[in-house]
6 protein chains.
Amino acid sequence: MSRIDGRTPDQLRPVTIQRGWSKHAEGSVLISFGDTKVFCTASVTEGVPRWRKGTGEGWVTAEYSMLPRSTNTRGDRESVRGKIGGRTHEISRLIGRSLRAVIDFKALGENTIVLDCDVLQADGGTRTAAITGAYVALADAITWAQNKKLIKHGRQPLTGTVSAVSVGIVGGIPLLDLCYEEDVRAETDMNVVCTGDGRFVEVQGTAEAEPFARDELNALLDLAVGGCATLDTAQREALARTLEETG
Amino acid sequence: MSRIDGRTPDQLRPVTIQRGWSKHAEGSVLISFGDTKVFCTASVTEGVPRWRKGTGEGWVTAEYSMLPRSTNTRGDRESVRGKIGGRTHEISRLIGRSLRAVIDFKALGENTIVLDCDVLQADGGTRTAAITGAYVALADAITWAQNKKLIKHGRQPLTGTVSAVSVGIVGGIPLLDLCYEEDVRAETDMNVVCTGDGRFVEVQGTAEAEPFARDELNALLDLAVGGCATLDTAQREALARTLEETG
Amino acid sequence: MSRIDGRTPDQLRPVTIQRGWSKHAEGSVLISFGDTKVFCTASVTEGVPRWRKGTGEGWVTAEYSMLPRSTNTRGDRESVRGKIGGRTHEISRLIGRSLRAVIDFKALGENTIVLDCDVLQADGGTRTAAITGAYVALADAITWAQNKKLIKHGRQPLTGTVSAVSVGIVGGIPLLDLCYEEDVRAETDMNVVCTGDGRFVEVQGTAEAEPFARDELNALLDLAVGGCATLDTAQREALARTLEETG
Amino acid sequence: MSRIDGRTPDQLRPVTIQRGWSKHAEGSVLISFGDTKVFCTASVTEGVPRWRKGTGEGWVTAEYSMLPRSTNTRGDRESVRGKIGGRTHEISRLIGRSLRAVIDFKALGENTIVLDCDVLQADGGTRTAAITGAYVALADAITWAQNKKLIKHGRQPLTGTVSAVSVGIVGGIPLLDLCYEEDVRAETDMNVVCTGDGRFVEVQGTAEAEPFARDELNALLDLAVGGCATLDTAQREALARTLEETG
Amino acid sequence: MSRIDGRTPDQLRPVTIQRGWSKHAEGSVLISFGDTKVFCTASVTEGVPRWRKGTGEGWVTAEYSMLPRSTNTRGDRESVRGKIGGRTHEISRLIGRSLRAVIDFKALGENTIVLDCDVLQADGGTRTAAITGAYVALADAITWAQNKKLIKHGRQPLTGTVSAVSVGIVGGIPLLDLCYEEDVRAETDMNVVCTGDGRFVEVQGTAEAEPFARDELNALLDLAVGGCATLDTAQREALARTLEETG
Amino acid sequence: MSRIDGRTPDQLRPVTIQRGWSKHAEGSVLISFGDTKVFCTASVTEGVPRWRKGTGEGWVTAEYSMLPRSTNTRGDRESVRGKIGGRTHEISRLIGRSLRAVIDFKALGENTIVLDCDVLQADGGTRTAAITGAYVALADAITWAQNKKLIKHGRQPLTGTVSAVSVGIVGGIPLLDLCYEEDVRAETDMNVVCTGDGRFVEVQGTAEAEPFARDELNALLDLAVGGCATLDTAQREALARTLEETG
């Protein structure tokens, strides 16, 4: 049985990672998972939030947002409504936690890096694309800060790599990297964030229709671990290329 | 090795479920998991939100909040700050999804049930206590609505039972139902929502310090499934008692 | 003529005052006036708001709120609406002023005590129950602070006691301590805050239907002074008991 | 003993009431109590708020605000801060209740009158000046609506007159109509709203320093009733003059 | 062809400028352009916003607002809606920029002057009346600050004078100082801010219906320059009079 | 004398206009003026805002926003701050007015088109690039709506073309299309919106340092008219190409 777009169940959509997409940001990436496109920038500032001052440790945080017409029908701007919705809050927090999982805050020193992940076009998996792209922007920003001597060389603030993918059960079949049409029809939906060594940073599974059984959970985790390994390779290849500013 | 409060790793804190704690609400429960106390009310109204009108289907939603001094140091009221924080949003959404997983919306008819879960005292596991207590309040509210003929008898809107528990790895040991002191020190923290037949509604695992391996994940899931089975029994026993209004 | 619930016109509803209802707060009380139940906590912090720094004087303030389903029909949460309503503001200010009337700020030193009064169940008189209960929580918090040496012994920050009761004219008859059903039908509604020596801290009378005459005002004040004397006794008895933490 | 500005204890400040101060509003008044100046407009619209539709009854409401530099030091605009303060809410509600006390809503028909009371210059007693002036604007607006046949002639929507004054105890002496300097030093502060026949619509007394005794309360009420009688005369005289638009 | 109110195309409405209209503000003006009345106050405070501290330079800013019934139909208060509309923002910024154009910030020293422009009655041209009146209030506030030695004598903070007027094309005819009725029908609407020497501080022209040609733009600018010259004279005459407090 | 980037005073930066940049929006453009990049989408919905219903006329509106790291230093998100700043409001209104100037609302029928202009990278002239790009997105959206028969053929809703450019005086020299570095140093800054036939839709000139004279204004207008003519050609060429979806 083949999927809407002809993929096999364990196949990712085409992934592209373009670095240097902003002339201003210390790290910037335009990542696409198929038709999902997220623009990720990493902004470095000296100093840390008040509650962290004097600890010698840095901070990494993230903000996620969707452009109003990134989706099939236009959504209201959260700035116009005057408040951030629950989903936006939840995803921003998830991205921040995922990246902090591979940061040595002592090595980062009292510097703050903010990851902005703005969805330009949505077709399912925006949060996982955001995490995967934000990691690359973060890596570039850290290199920038090391070159500027904001971060001392010798000890690497990045303790590992991190990527993320969605998995789900659609029509009883576990599938990797759901596009929007699949996501809408999924009985179970799971987002998994893995480190490059195959361990878990986040596992968030939700029964959309039917509760799911332990063996279904296991099948989904297997797919996700495989998908993240592929994304890990894509990140490494992107970072291995010479950075040319495109801005 | 015994825990802070003398429990074994796979032991829940004492659980109490008091029904009929409000004279106004259609269902109401004061639930405690040890020193964590959550007041859950279920409010039934005829009709559904605009986007659901005319579908013949009902709706269930939830709002979670902590009283300002439910915690060790007083927190600002979100009403005074003028906005709801990301954590509150996230937990409210989690509770709503968990309860909707055991609802047959057609059988509910065009009625709305709102679950309010207000934490009176917090000592870890407030969201899991909230889900577990809200289920009981929901069940009472549905019975009330059936008695009032708002919901037709014959078909049961509740398709199963649901409860939730936290698990985590503390000092390398997987533990069930973390209290606050354990939660703060956990390397990995997971909230699991199960149905009475042992399937999963939500699995939310987060690496707080180190990424976690597949076998650690499995150990945590085993603990959680066991804990939920015990909670399921406590819910059934509470619902088997005669409801006496305490308000 | 007897009242809805069989009371005489000058009779309070049953009053209960449970201390130590929170394991976290420095003072905490669950007070009930009949079916009206308010949970009052007193939180002590060292230091004072910016505008008071360096004066050597402390500060006492209060926040009042109703749980969404404390009332017969569910109300929206003010945190969700994003703003506090006029009634909430007004009552929070009233509670704060009432307690400050019996505080010697010099004796309190540069400490702040915040009283949170959350209505768990409403049946009329929530603001007067809140003041009466908050006084007891405040007294416990001051004792706590004296034991912790935050407040120096020798001079008592409490200069008196304070309690409050509602009175009103219903069907032409002046009544003490209106329940909700009476309150709705009252032609005149008054909240009176008294010190233990029978003097007034606040008198707030409102004509709901007809303006009221001077002799009606006098009859209401007589009832209120009598009611506050009874409440004063209840407060003293509650504070005379040994505090056992129930949290 | 004479007062700061040479008045006797039972003497009002000079009161002026200018009608027709706006070319747009259906009723408009610039009222001054000494240096306190409040601009009151009454706006008539056909129809009533949703919760009142179909009752055949009208509605009257009020909004109070202070210009940022109406006071000695500039205050922030509430529109800029994005929320209305407790004091503003409280006074707006007081003004609305006071005027509704002399309205026959059936006679008003399904029309709404909004009173806007904007303080141009503050020197104590802004809320009482606002009520006194708003009554006159309201009376003009009702006449306008009767002339426009929005309100049927035959039955008068105004069932009486209403005015308000502040009283307080300063240095142990009960005083009428406190200016700002007196207000700041008052031990007790009371606002009293009376109808023209000497009955009470609102009595709001607050102990600012010491609790007040019953005989002090009586002395303040005596002063207030006298002051309101004088204001009632000033209102009648203003309304007896021909209205010339000054806008 | 004569205009609605009998003026010639190049004729201003009657302009009045009353100084000293507030007893509290350091400068205050009630200005009228025909039926448009704006109350302008200038508030001086020592110190500057954080981003300007230590520069030795002062700051001037402005806030514009309309009273809810300054217009023909009542508008909602922005404080009640909880946010400031785009138009209000835009005009506040315009007034601030216009006045800063004639300020030498070094000569002002680290002092801040806030101009509040509140429209009491609107009949077109409220922003231009506000700028013209605010200049006079600003001049008085600077004199006050010089007398108080907050600003050192010797160097004048005001580097010129500034006034503003609206112009527009109505029925094909360029007109000066549009009243509301003309403004509504204008095909092109322009606000022009000039210094006393006839140069431009702001030119804001908008095609309301048809785009406008270069020669129309020139005709409008000619009218505006003439109008501002007349306003400049009115400002000088007002400032030449002795200031008598009217508050 | 040559400019920072080697341009002559009357030379635009390189302009690129890519259509079909979104797979969801009915019209979409990525426009760049040098390093300034704005993503413009046009969203068509049937129906109009409430105040326009039943008129047979359509509506066009716009929202402008900057991504937080579109600028050299990261700015706070307006959604996070909970309110839209004055500058954002002002530019959104400007874009909306500019496009409405070339729309025949009767021909559009009761349809609404929302233009979202999100700045991906800022280097001066973001509002003028937004207007120029939004026009092209609007044209594509109208063609789409005509093909979908939402808009009837026969009468063209677009009555002309519109583009915009900034001009300014830097170091005494009038320059076309300022980049950020020039903009910061400009003594006078002007944004001009022209139709394709060389008439004006908006002229907004501001003296940043010195007031500007009439001949300077004229020199700026000459430059702007020339720049808009070039932009008009670029728009026509872009629209002449076949639209290929790039999303």
Side-chain angles (χ1 to χ4, degrees), chain B residues 20-28 30 32 34-46 61-85 88-89 92 112-123 137 141 180 245-247, chain C residues 20-28 30 32 34-46 61-85 88-89 92 112-123 137 141 180 245-247:
Chain B
W21 220 70
S22 156
K23 77 175 227 186
H24 298 304
E26 286 75 35
S28 65
L30 182 67
S32 63
D35 279 341
T36 288
K37 293 184 192 177
V38 186
F39 181 34
C40 309
T41 58
S43 299
V44 180
T45 47
E46 287 188 81
T61 186
E63 291 184 5
Y64 166 96
S65 185
M66 300 183 85
L67 290 197
R69 193 56 199 278
S70 58
T71 45
N72 197 252
T73 55
R74 185 176 183 274
D76 288 343
R77 276 175 200 271
E78 294 183 318
S79 59
V80 170
R81 267 189 290 153
K83 53 182 170 184
I84 287 181
T88 298
H89 255 143
S92 294
T112 297
I113 302 181
V114 181
L115 280 305
D116 286 290
C117 301
D118 287 89
V119 179
L120 303 187
Q121 190 169 278
D123 187 28
Y180 179 73
E245 283 204 9
T246 67
Chain C
W21 220 69
S22 156
K23 77 175 227 186
H24 297 305
E26 286 74 38
S28 65
L30 182 66
S32 63
D35 279 340
T36 288
K37 295 184 191 175
V38 185
F39 181 34
C40 308
T41 58
S43 299
V44 180
T45 47
E46 287 188 82
T61 186
E63 291 184 5
Y64 165 96
S65 186
M66 301 183 86
L67 291 197
R69 193 57 199 279
S70 59
T71 44
N72 197 251
T73 55
R74 186 177 182 273
D76 289 342
R77 278 177 200 271
E78 294 183 320
S79 58
V80 171
R81 268 189 288 153
K83 53 182 170 184
I84 287 181
T88 297
H89 255 144
S92 293
T112 297
I113 303 180
V114 180
L115 281 305
D116 285 291
C117 301
D118 287 90
V119 178
L120 303 186
Q121 190 168 278
D123 187 28
Y180 180 72
E245 283 205 7
T246 68

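Below, chains carry the letters A, B, ... as their sequence lines are ordered, and counting in each starts from 1.
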**OP:** Flag the one option from B/S32, B/A42, B/P68 with the top tally of heavy-atom pairs under 4.5 Å to chain C.
**Re:** B/P68

Subject >> Salt bridge flag under 4.0 Å for residues B/R77 and C/D118 >> reply: yes

**OP:** Start with the C-alpha distance between B/L67 and C/T41, add both sets of side-chain angles, then the distance that settles side chain to side chain contact (heavy atoms under 4.5 Å, CB included), and finish with yes or no.
**Re:** CA-CA 10 Å; B/L67 290 197; C/T41 58; over 6 Å; no

Original post:
Using 4.0 Å as the upper bound for N to carboxylate O, is an ion pair formed by C/D35 and B/K23?
Top reply: yes

Subject >> Max heavy-atom pair count under 4.5 Å with chain B, selected residue of C/T45, C/D123, C/V80 >> reply: C/V80

**OP:** Give a yes or no on whether the backbone of C/V114 and the side-chain of B/R74 come within a donor-acceptor separation of less than 3.5 Å.
**Re:** no

**OP:** Counting only heavy atoms closer than 4.5 Å, note whether B/T71 contacts chain C via side chain, backbone, both or neither.
**Re:** backbone

Subject >> Short side-chain to backbone donor-acceptor contact, C/R69 and B/D116, under 3.5 Å >> reply: no

Original post:
Closest approach of C/W21 and B/L120, non-hydrogen atoms and distance?
Top reply: CZ3-CD1, 3.8 Å

Original post:
Which bit of C/S92 is near chain B, if near means a heavy-atom gap under 4.5 Å: side chain, backbone, both or neither?
Top reply: neither

**OP:** Find the distance between OG (B/S28) and CD (C/Q121) and round it off to the nearest 0.5 Å.
**Re:** 8.0 Å

